[in-house]
Protein chains: 2
Amino acid sequence: MATISDVAARAGVSTATVSRALNGKSTVDPELAARVAAAADELGYRPNGPARNLRKQETAVLALIISDVENPFFTAISRGVEDVAHAAGFSVVLCNSDDDPAKEREYLDVALQERVAGVLLSPTGREEGAALLRAHATPIVALDRPLPGGGDTVLVNSGSAAKNATLHLAEQGYVRIGCLTGPSGMPTADARLNGYREGLEAAGLADLGLVRHTEFRAAGARRAARQLLDQDEPPDALLVANNAMVVGVLETLGELGLRAGRDVGVIAFDDAPWATLLDPPLSVVSQPAYDMGSLGAQLLLRRIGGDRGEPTTRTLSAHLVARGSTERST
Amino acid sequence: MATISDVAARAGVSTATVSRALNGKSTVDPELAARVAAAADELGYRPNGPARNLRKQETAVLALIISDVENPFFTAISRGVEDVAHAAGFSVVLCNSDDDPAKEREYLDVALQERVAGVLLSPTGREEGAALLRAHATPIVALDRPLPGGGDTVLVNSGSAAKNATLHLAEQGYVRIGCLTGPSGMPTADARLNGYREGLEAAGLADLGLVRHTEFRAAGARRAARQLLDQDEPPDALLVANNAMVVGVLETLGELGLRAGRDVGVIAFDDAPWATLLDPPLSVVSQPAYDMGSLGAQLLLRRIGGDRGEPTTRTLSAHLVARGSTERST
DNA sequence: TTGTACGCGTTATCAA
DNA sequence: TTGATAACGCGTACAA
């Protein structure tokens with residue numbers, strides 16, 4: 001592949017002039033610049049990225065470490081990140097941690113090694129990973145979940161949204177409200193559970209212990225829902241902590257011949273295009289995932305740009321979308 | 001950040017020895033190797049990726065250029081790619097082309113500039129992009145859509161799957177079968193349309209011109225479905241070319257008070273977790289997206305490994321999953 | 001305004 | 001087995 005000296009030779013100038021011309025420095029004779037441009041074009045010259053990165057001691061690459069691209073919540077985040085990054089001339093390397101601390105750590109190592117300009121991380125839990133990055137002065141922004149040691153963070157008010165959702169269920173007349181949340185120890189799972197409990201209390205409802213922890217997936221939720229609903233005194237409503245899980249819950253309802261809304265109130269985190277297609281339509285807590293991604297990327301780019309201000313935490317608002325699955329009369 | 005010479009100084013050896021020790025060359029005294037490892041550990045040393053890439057004239061990075069990560073079909077592909085790449089020690093940079101040739105071209109430029117080891121591309125259409133890569137000897141694998149100039153490709157038999165889906169509708173007693181497909185000129189859209197026409201013919205049904213082209217999104221499909229169904233002689237069944245579009249179609253059915261299956265048979269490309277939650281459950285043509293990704297990555301890695309064999313095209317099979325939305329009696 | 005020459009951090013070659 | 005040294009391709013300080 002053609003190098004800068006090939007271009008220089010062809011244009012009859014020095015490599016320095018080529019570099020200057022191609023990088024748009026003003027201090028270059030227009031005629032020479034034209035010759036250089038022509039030569040570069042003819043040779044199909046592309047600056048060698050690694051060489052340039054080495055020389056400049058910086059890259060235009062962001063690492064985005066999330067649990068799973070197949071989760072619509074995270075794909076929306078990643079789309080927000082990508083759009084902002086791309087507009088600023090940055091590339092994004094995407095990493096699936098599968099919520100596995102070891103995998104997360106591994107990707108952080110790669111990010112460090114490749115000298116990425118910054119990292120967007122949805123932390124699996126209590127990490128020493130954060131310290132790792134800080135020690136190497138690589139800017140980092142936490143998404144969706146806080147970073148143990150602090151730092152720039154973009155969150156959603158999961159807890160209060162869960163509380164509101166619980167209150168909404170209570171207002172609709174449900175009295176035995178249960179909750180399916182994620183693995184205990186995972187911040188979002190815990191926040192939603194706490195919000196749920198606050199909601200029960202605020203509504204004056206007793207906590208009947210109708211709670212199950214499971215991984216954030218349909219299969220686990222299916223089992224958990226089955227357990228809860230097979231009890232002697234089953235819940236008459238469920239707050240479900242994410243989109244994948246509610247699929248399992250609704251399947252289980254179907255198997256048991258129960259109808260969402262009428263028999264069991266259902267509300268879940270994360271809206272989806274298909275939520276309105278269900279019968280009854282699914283009530284949800286809609287999270288601004290795309291905005292989280294784009295805001296996080298903006299924060300990160302500011303740091304990369306040299307901002308040394310205090311760490312900021314931005315908390316975005318989820319909002320409740322009431323549909324038929326939380327109406328008894330449905 | 002610590003460099004290799006820092007480590008060398010601390011361990012009291014030369015940089016060459018450090019390099020050898022850290023890269024596990026056998027020709028290094030165990031005791032020295034231990035000293036090096038200790039020094040590297042104490043300094044928190046990470047080899048400088050760009051420097052190494054420059055020196056080795058190769059990177060362990062794959063570029064994946066798809067139209068949109070928010071499309072579940074492509075996220076499944078990207079997950080397949082990522083898993084295989086990661087297992088082989090490669091990173092993946094993810095790019096959303098939005099089916100815009102200009103954006104695709106831009107990303108190809110970046111990929112070339114960063115000297116990625118290879119590219120996985122879902123081509124927007126008739127490209128000169130392929131030629132670009134070939135000219136620079138960067139291995140490329142086309143996913144889901146063929147590359148104009150040929151080359152390694154992983155496809156799905158969209159066309160025959162569409163034909164089967166059409167035959168299935170005909171067998172179920174539908175006689176005025178329409179088709180909503182993607183933009184004309186896009187290979188998958190055209191293949192599905194052609195398959196649909198073959199299906200009509202094989203079933204002995206007249207082609208009534210019940211075809212609409214739209215972008216692969218819900219909004220376009222909504223308008224198109226409305227147009228078709230508002231006709232004097234509307235279709236009694238629809239073959240829909242993807243998952244996002246069928247959301248628009250089903251919404252439109254709902255607005256018009258029509259029931260899938262009973263009033264209008266519906267079958268769409270791409271299965272989804274929520275397809276069975278609908279009433280009636282949605283019949284689909286299920287595509288092996290994850291496998292496409294992982295197979296594509298394997299093909300690419302083989303090329304990167306130096307395989308100079310003939311270009312291969314692998315065509316995977318989609319399969320029909322009949323559910324309630326293609327049953328008149330539902 | 002242009003050119004020469006150095007160094008970014010590694011790995012690979014060659015002698016020792 | 002080890003060390004000195006030369007690249008890899010680029011950007012930039014300095015000299016012209």
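Keep in mind that this is a model prediction, so the values were computed, not measured. Throughout, protein chains are lettered first and strands after them, A, B, ... in sequence-line order, and every chain is numbered starting at 1.
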Novice: Want to settle it: does B:A51 or B:K25 sit nearer the 5' end of DNA chain C, counting the closest nucleotide to each?
Specialist: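 Comparing both residues, the 5'-ward one is B:A51.
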
Novice: Between C1' on D:dC10 and CG on B:L54, what's the gap in Å once rounded to a whole number?
Specialist: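 Result: 8 Å.
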
Novice: So what does A:T3 hit on the nucleic acid, given a heavy-atom distance under 4.0 Å: a base, only sugar-phosphate, or nothing?
Specialist: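 Sugar-phosphate: the residue A:T3, judged by heavy atoms under 4.0 Å, touches backbone atoms but no base.
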
Novice: If only side-chain N and O atoms of A:N53 are considered, is one of them under 4.0 Å from the OP1 or OP2 phosphate oxygen of C:dC8?
Specialist: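 Looking at the OP1 and OP2 atoms of C:dC8, neither is under 4.0 Å from any side-chain N or O of A:N53.
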
Novice: Taking atom P of D:dT12 as reference, at what distance in whole Å does atom CG of A:L22 sit?
Specialist: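 It is 13 Å, rounded to the nearest whole Å.
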
Novice: Just how far, in rounded Å, is P of D:dA7 from CD1 of B:I4?
Specialist: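 Taking atom P of D:dA7 as the reference, CD1 of B:I4 is at 19 Å.
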
Novice: Considering every strand and a 4.0 Å limit on heavy-atom distances, what is the contact class for B:P50: base, sugar-phosphate, or nothing?
Specialist: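 No contact.
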
Novice: Look up atom OG in A:S67 and atom CG in A:D100, then write down how far apart they are to the nearest 0.5 Å.
Specialist: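 Rounded to the nearest 0.5 Å, the OG-CG separation comes out at 11.5 Å.
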
Novice: Could you tell me whether the side chains of A:Y290 and A:D83 share a donor-acceptor contact shorter than 3.5 Å?
Specialist: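 There is such a pair (donor and acceptor under 3.5 Å, judged by atom type) between the side chains of A:Y290 and A:D83.
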
Novice: Strictly under 4.0 angstrom, non-hydrogen atoms only: write out the protein contact profile of nucleotides 1-6 of chain C, one letter per nucleotide from the 5' end, B, S or -.
Specialist: SBBB--

Novice: Would you find a donor on one side and an acceptor on the other, under 3.5 Å apart, between the side chain of B:R303 and the backbone of B:G309?
Specialist: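 Yes; judged by distance alone, with no hydrogens or angles, the pair exists.
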
Novice: Under 4.0 Å: is that the gap between some side-chain N or O of B:R52 and OP1 or OP2 of C:dT11?
Specialist: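 The answer is yes; a side-chain N or O of B:R52 sits under 4.0 Å from OP1 or OP2.
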
Novice: Using atom types as modelled and distance alone, determine if a side-chain donor or acceptor of A:Q298 lies under 3.5 Å from a backbone N or O of A:V84.
Specialist: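 Side chain of A:Q298 to backbone of A:V84: no pair is present.
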
Novice: For D:dG9, take OP1 and OP2 only and decide whether either is under 4.0 Å from a side-chain N or O of B:Q57.
Specialist: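 Indeed, a polar side-chain atom of B:Q57 lies that close.
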
Novice: Distance-only, no hydrogens or angles: does the B:N96 side chain make a donor-acceptor pair with backbone N or O of B:D98 under 3.5 Å?
Specialist: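 Checking the backbone N and O of B:D98 against the side chain of B:N96, no donor-acceptor pair under 3.5 Å is found.
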
Novice: Does any donor atom in the side chain of A:T17 or A:S14 lie under 3.5 Å from an acceptor atom in the other side chain?
Specialist: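 A:S14 and A:T17 do have a side-chain donor-acceptor pair below 3.5 Å.
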
Novice: What is the separation between atom CG on B:L43 and atom C1' on C:dG9, rounded to the nearest whole Å?
Specialist: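 So the CG-C1' distance, B:L43 to C:dG9, works out to 15 Å.
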
Novice: Give B:R115 one of three labels, base, sugar-phosphate or nothing, depending on what nucleic acid heavy atoms sit under 4.0 Å from its own.
Specialist: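 Counting heavy atoms under 4.0 Å across all strands, no contact is made by B:R115.
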
Novice: State, without any angle test, whether B:R52 and B:N23 hold a side-chain donor-acceptor pair at a distance under 3.5 Å.
Specialist: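 Per modelled atom types, B:R52 and B:N23 side chains form a pair under 3.5 Å.
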
Novice: In this structure, how many angstroms lie between the C1' atom of C:dG9 and the CG atom of B:N48, rounded?
Specialist: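 In whole Å, C:dG9 C1' and B:N48 CG are 6 Å from each other.
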
Novice: For the helix from C:dT1-D:dA16 to C:dA16-D:dT1, measure the angle between the helix axis at one end and the axis at the other, each built from five pairs, rounding to 10°.
Specialist: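 That helix has its two terminal axes inclined by roughly 40°.
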
Novice: With side chains defined as the heavy atoms from C-beta onward, is the minimum distance between B:D152 and B:R314 less than 4.5 Å?
Specialist: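 A side-chain contact is absent here, since even the closest heavy-atom pair is not under 4.5 Å.
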
Novice: Report the distance from atom CD of A:E58 to atom C1' of C:dG9, rounded to the nearest whole Å.
Specialist: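 These atoms are roughly 16 Å apart.
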
Novice: If we ignore hydrogens and angles and just use 3.5 Å, is the side chain of A:D68 paired with the main-chain N or O of A:E70 as donor and acceptor?
Specialist: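 Yes.
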
